Amino acid sequence: MISYNPLDELSESGKKSLKDICSALKQAEKIAISAHIRPDGDAIGSGLALMEMLRQLGKEVHFCNADQAPFPLTRLPYYESVEHRQVFPEQFDLLILLEGASTCRCGQESLDRYFTINIDHHATSSQNATLNWVDPQAAAVAELIYMLGKCLSIRFTSSMGFNLY
């Protein structure tokens, strides 16, 4: 049987970014996730899968998005957990920004008050977070979240798979 590890496809800098993010996530207890404004299926589904992954690790996780997702994305598993609000002024150990590391892209204010992690597949990403993992070779941010789950030794559920798809 041939064993496939998607992490083998990452560049050395991508592997380092992923390792640094995994380390930060393991140390954090209270985590916020936010996706870009006018969210699409990749951003919302990836955020929901990541939320479930981090909760599996025993973390307190809040998915706070500035904008609501359009129908039918509101029917994704666990969408009812998304909080439509600003992250600030609540305290979090870190804030994960999916495809939106700037205030104008994610709609979240006071980003400089948080330890931020930017995960993005767009070459135009602002990369101004505390930790940045930007891989333009990835087809979607969901691909990166899947790799993050593998790095964290997550037991993937059907709802995670559905949301990442």
Side-chain angles (χ1 to χ4, degrees), residues 6-7 9-10 14-15 17-69 73-87 90-102 105-108 111 114-122 125-127 129-135 137-165:
L7 306 178
E9 295 185 21
L10 290 175
K15 287 177 186 175
S17 295
L18 179 56
K19 182 180 175 186
D20 291 345
I21 290 169
C22 285
S23 177
L25 291 173
K26 288 176 183 176
Q27 293 175 30
E29 290 300 321
K30 187 174 179 183
I31 300 169
I33 300 170
S34 189
H36 60 76
I37 57 173
R38 296 182 302 280
D40 56 18
D42 184 31
I44 292 295
S46 294
L48 291 169
L50 180 58
M51 179 183 69
E52 188 179 354
M53 289 175 190
L54 295 172
R55 286 181 176 169
Q56 190 181 103
L57 296 175
K59 309 300 180 181
E60 179 183 341
V61 185
H62 296 263
F63 188 170
C64 306
N65 225 47
D67 288 352
Q68 291 190 4
L73 300 179
T74 55
R75 299 182 73 182
L76 289 172
Y78 301 111
Y79 182 80
E80 68 280 357
S81 299
V82 178
E83 303 167 38
H84 301 101
R85 66 177 180 93
Q86 289 291 310
V87 171
E90 192 170 345
Q91 294 297 311
F92 291 96
D93 296 326
L94 59 86
L95 168 59
I96 302 168
L97 301 164
L98 299 177
E99 301 183 305
S102 65
R105 182 74 173 130
C106 71
Q108 295 291 342
L111 295 177
Y114 297 96
F115 182 98
T116 52
I117 296 175
N118 172 33
I119 303 175
D120 200 345
H121 69 108
H122 296 99
S125 181
S126 61
Q127 296 201 39
T130 311
L131 291 176
N132 294 281
W133 182 23
V134 178
D135 186 352
Q137 300 301 314
V141 75
E143 187 177 342
L144 301 176
I145 298 304
Y146 172 75
M147 288 183 197
L148 180 59
K150 294 291 280 184
C151 181
L152 293 168
S153 300
I154 294 298
R155 182 186 51 79
F156 287 89
T157 65
S158 60
S159 56
M160 285 179 206
F162 190 88
N163 281 327
L164 289 173
Y165 178 73

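Keep in mind that the numbers below use all heavy atoms, side chains included, and drop hydrogens, waters and symmetry copies. Everything quoted here is computed from the prediction, not taken from an experiment.
Closest of all the heavy-atom pairs between His36 and Asn65 is O-ND2, 3.7 Å.
When atom types are taken as modelled, the side chain of Lys59 and the backbone of Met51 share no donor-acceptor pair closer than 3.5 angstrom. The backbone N or O of Gly47 lies less than 3.5 Å from no partner atom in the side chain of Asn163, so there is not a single donor-acceptor pair. Here the side chain of Thr116 pairs no donor or acceptor atom with the backbone of Leu95 at under 3.5 angstrom. Panel note: side chain Glu99, backbone His122; no donor-acceptor pair is recorded below 3.5 Å. Side chain of Ser46 to backbone of Asp42: a donor-acceptor contact under 3.5 angstrom is found.
One distance of note links CD of Glu60 with CG of Leu54; it measures 12.0 Å at 0.5 Å rounding.
Every residue was checked against the salt bridge (charged side-chain N to carboxylate O under 4.0 Å, His left out) condition with Asp67, not counting sequence neighbours, and none meets it. Listed by chain and number, the residues in a salt bridge (charged side-chain N to carboxylate O under 4.0 Å, His left out) with Arg85 are Glu83, Glu90 (sequence neighbours excluded).
Within a 6.0 Å sphere centred on CZ of Phe115, heavy atoms belonging to other residues, nucleotides or ligands number more than 12. The number of heavy-atom neighbours closer than 6.0 Å to NZ of Lys30, taken from other residues, nucleotides and ligands shown, is above 12.
Using a 4.5 Å heavy-atom cutoff, the side chains of Leu73 and Pro39 are not in contact.
Sequence neighbours left out, the pairs with a member in residues 41-62 that pass ring-ring contact (aromatic ring centres under 6.0 Å, His included) are His62-Phe92.
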